[in-house]
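For reference, the structure discussed in these notes is given below.
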Number of protein chains: 2
Amino acid sequence: MSKKEIILSKALELFASRGYDATSTRQIATEAHVSEGLIFRHFHNKEGLLEAVLLQGINKATQYIEPILEMTDPRQIIESAICLPTHVPIEEHEFWKLLYTLKWQRANYPQEAFDQLQQKLTAAFESLGFESPELEAQLIEIYIDGLATEILLRGGDPTALTQKILTKYFKNEH
Amino acid sequence: MSKKEIILSKALELFASRGYDATSTRQIATEAHVSEGLIFRHFHNKEGLLEAVLLQGINKATQYIEPILEMTDPRQIIESAICLPTHVPIEEHEFWKLLYTLKWQRANYPQEAFDQLQQKLTAAFESLGFESPELEAQLIEIYIDGLATEILLRGGDPTALTQKILTKYFKNEH
DNA sequence: GTCTATACCAGGATAGAC
DNA sequence: GTCTATCCTGGTATAGAC
């Protein structure tokens with residue numbers, strides 16, 4: 001791992017656990033065993049470091065959503081979307097916590113990937129003949145956020161809740 | 001309004017719009033037309049000021065939930081809970097934004113009122129004969145959060161979504 | 001209760017050597 | 001690419017007079 005990568009991973013870790021504002025570049029440098037100046041050489045300023053951290057995470061996140069975008073069976077699309085939160089490995093939890101925090105405190109947080117998922121879901125509900133596909137897709141997004149909150153914030157086991165939600169859509173099959 | 005109250009209301013306004021960390025006591029003092037020292041006389045430190053701001057807001061929030069806690073008709077309880085977010089007046093939006101932000105970045109954020117609502121909802125679902133009342137109550141909480149997000153973050157009109165959710169529970173009546 | 005003045009430190013950021 | 005040293009600002013907080 002290059003020093004640049006070490007900085008990036010330590011920054012993610014600290015931003016996620018303490019928050020962006022509460023984390024100083026000093027701290028990051030110390031924990032990464034790197035001089036503070038190096039951070040600014042590589043990322044220009046603190047904001048730039050945050051953006052790099054986000055970009056890195058977003059790429060990982062897109063990999064979850066991409067497979068769904070390629071599916072054709074509407075039921076499989078909906079089910080996969082709902083189950084999305086349960087497939088996030090523990091080592092990525094901190095990153096997602098950071099993302100949800102930023103969602104509430106920064107206007108321009110990245111969410112293109114989710115918009116694509118939203119469209120895919122709308123199409124899926126449409127092809128299943130639902131009355132208001134956009135609203136149904138929006139509801140799925142709400143379920144995803146709710147499950148994510150349960151996992152990331154309360155550290156709870158989401159399987160029971162996930163099952164419950166699934167039965168709302170696939171009553172006779174599960 | 002006493003100077004203490006002016007400080008409190010300005011602090012709420014600034015914490016909510018810019019965030020807690022990003023707001024300096026300097027700024028609060030200036031905008032409240034008050035010396036900075038006075039803030040620390042009244043609230044000991046910045047953290048104490050935040051707590052006072054929260055306490056004030058929580059009291060207001062409890063007033064929304066209390067009427068529901070006194071209801072007896074289970075259907076009315078569920079419906080009222082779902083409609084909760086639509087009844088928050090615009091001038092309180094900033095406060096709720098602050099609360100949702102803190103939910104993600106502070107461990108001990110106040111939520112007793114919501115826990116009470118949760119219990120009331122569980123009892124309501126139980127009396128209606130639902131299979132897993134706890135999970136159903138948790139789902140309502142997720143809906144509330146989802147609707148709040150729609151209103152506070154995207155500034156969207158939640159009525160269509162609220163109606164959609166209501167039909168999930170009261171299909172034949174609406 | 002309130003203000004003025006001030007201490008003091010930590011934050012982000014830069015310069016320059018290697 | 002990396003480190004050392006340093007700057008400067010602005011942040012929280014206190015002391016003491018009124």
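All chains are named by letter (A, B, ...) in the order of the sequence lines, taking the proteins before the strands, and each is independently numbered beginning at 1. Note that this is a predicted model, so its numbers are computed, not measured.
- Rounded to an integer number of Å, the gap from CZ of F40(B) to C1' of dC3(C) is 15 Å.
- Taking the six-membered ring for Trp and the full ring otherwise, Y100(A) and Y100(B) have centroids separated by 6.0 Å or more.
- What separates NZ of K46(B) from C1' of dA10(C) is a distance of 13 Å, to the nearest Å.
- Of all nucleotides listed (dC3(D), dT14(D), dA13(C)), dC3(D) comes nearest to the side chain of S35(A).
- In this structure, F95(A) and A16(A) approach most closely via the heavy-atom pair N-CB, 4.2 Å.
- Using a 4.0 Å cut-off between charged side-chain N and carboxylate O, E47(A) and R106(A) make a salt bridge.
- The closest side-chain donor-acceptor pair between E36(B) and T25(B) falls under 3.5 angstrom.
- The phosphate of dT2(D) has OP1 or OP2 within less than 4.0 Å of a side-chain N or O from H42(A).
- Atom CE of M1(B) and atom C1' of dT2(C) are 17 Å apart (whole Å).
- Of the candidates dT12(D), dG1(D), dA13(C), the closest approach to any side-chain atom of N45(A) belongs to dA13(C).
- Within residues 3-28 of chain B, the residues that have a heavy atom under 4.0 Å from DNA chain D are, in order of number, T23(B), S24(B), T25(B), R26(B).
- Stacking of K10(A) on the aromatic ring of F15(A) is not recorded, the 6.0 Å distance cut-off and the 45° axial limit not both being met.
- Comparing R41(A) and L38(B), the nucleotide of DNA chain C nearest to each residue sits closer to the 5' end for L38(B).
- Per the geometry, CD belonging to E36(B) stands 15 Å off P belonging to dA15(D), to the nearest Å.
- Cation-pi geometry between K46(A) and Y20(A) is met: under 6.0 angstrom from the ring centre, within 45 degrees of the axis.
- Here dG11(D) presents its P atom at 12 Å from CD1 of I39(B), a figure rounded to the nearest Å.
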